[in-house]
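The structure appears below as structure tokens.
Note that these values count all heavy atoms, side chains included, but never hydrogens, waters or copies made by symmetry.
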Amino acid sequence: MSRIKISELADEFKIDRKDVLAKAQEFGVSAKLATKTLSESEEKQLRTYYQQVPHSMAETSKNQVLENVGQKKLDPKEEVSEKKEEPSKAEQVEKKKSKFSILGHKKSEKKKGKLLTRLSNEKPPSKKQFTAKQGGALVVGGVGILILSNMVLFGLMASGYQPTQKIIHEQVSASQKVSGNGLDLQAKNYLDGFVQTYFTFPENEKDQEQAVKDINGYFVQQLPIISQGLQRSPSKFEEAVLMNLTDNEATYKVTYGAGAVTKKGKSNVVNYHDVTTLFTIPYQKVGSSYYVSDEPYFSSVNDLQAKESQVPVKTWSGTDNNSASTKKDLDKFTKALFTAYTTDSDTLKLISEGLSLNDSETFQSLDQATYEPKGDTYQAIVQVTMKNELGTHVENYQFTISKQKQSYFATDFKHTLPKGNKE
């Protein structure tokens, strides 16, 4: 049997060649033109298809279909949209040109889709429809989500929630304050790095060159220096504590190992000893970045330990003129108070105000107590022994005891002894 072309098969069945070409492509035939020669199996597949199609349908041309549409409206259920035809090579070239064209661009005309009648053995596409029950469920669900979101929003507002933008603004403002609620932690982090770099100076000359570059990198610019020559000795950074931070200066208390170089034969020996100094760094902030703006300077460390002459005397200044029975009752209440303070929060609430349960310690003993009468109350000054994982230690308290029916109630707690006068 001689092989047949798509165009010849279309003429045989009196069908438009483009329609047969499109159907062949649907069946997997790799053909772009109707002049494509079909294999025996491809020809058989197409013949079988068109022999099954009603003869009247095969003979209906495109013009006849359009004429039928003009004469009688098709049932919407029998309307199917035809697949878009693949553009020809000429159309593809024209489309590529128009994509990058600026001048002389001609708006392409939209092609009207063809209407095909439904084949007798084809079923109309089914449309999914929501039942009244499903629609009602969607409406109820949407209203429920809306109500829930509003309740969450009102709850946040009632708890003191503020918009995120305002919170961030307040945090940024607080970070620029020297005292009060904020500290510029970004500046501290930057300057911490500079301190460690400055006080880490190696013994090897090549490593020293890199250390100098690392230090100068914090200055950004080369500062003017008029000197007879600078000399750096080896040093090892040990620790630093930030003592003060302002908008343009930071002072650290720095401890470092200062290296003393001595000659031993042909080699140098470095011996280190600890030095503590105050180190002040001038700096500036530019946008969200920082740089060291001038040469840092050193100052001696002040002794933070107060002198005896500066310290007020702590003493048992309270007087206790109570009867033995009253003193016994007050001591008994005080012991019960500190037992509850370390073991029982419920009892503590019944007999005091101002103390919270402290179960990290154990009450050991009441060592000293005076109860100075003041009207209907007593001003108590007591010293107790407590025990924790470190061992035993004493704690001092001042508080007010008021009588309530058959018991007492304690308030106004202070963890200190009263100030007295020097003898």
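With sequence neighbours excluded, the residues that form a side-chain contact (heavy atoms from CB on, under 4.5 Å) with Asn268 are Val261, Lys263. Remark: Ser299 pairs with Leu278 by the side-chain contact (heavy atoms from CB on, under 4.5 Å) rule, at least two apart or across chains. In terms of the ring-ring contact (aromatic ring centres under 6.0 Å, His included) criterion, residue partners of Tyr290 (sequence neighbours excluded) are, by chain and number, Tyr190. Legend: residues meeting side-chain contact (heavy atoms from CB on, under 4.5 Å) with Thr339, ordered by chain and number and at least two apart, are Thr343, Phe363. With sequence neighbours excluded, the residues that form a side-chain contact (heavy atoms from CB on, under 4.5 Å) with Leu146 are Ser149, Asn150. The salt bridge (charged side-chain N to carboxylate O under 4.0 Å, His left out) search around Lys414 returns none, not counting sequence neighbours. For the ring-ring contact (aromatic ring centres under 6.0 Å, His included) test, residues two or more places apart in sequence or in another chain that qualify with Phe413 are Phe399.
Residue pairs meeting the salt bridge (charged side-chain N to carboxylate O under 4.0 Å, His left out) criterion with at least one partner in residues 204-215, sequence neighbours excluded, are absent. The ring-ring contact (aromatic ring centres under 6.0 Å, His included) contacts involving residues 233-261 comprise Phe199-Tyr256, where partners must be two or more places apart or lie in separate chains. Identified under the salt bridge (charged side-chain N to carboxylate O under 4.0 Å, His left out) test for residues 335-360, with sequence neighbours left out: none. The list of salt bridge (charged side-chain N to carboxylate O under 4.0 Å, His left out) pairs with a residue in residues 377-403, not counting sequence neighbours, is empty. Under the salt bridge (charged side-chain N to carboxylate O under 4.0 Å, His left out) criterion, the residue pairs touching residues 186-200 are Lys188-Asp192, with sequence neighbours excluded.
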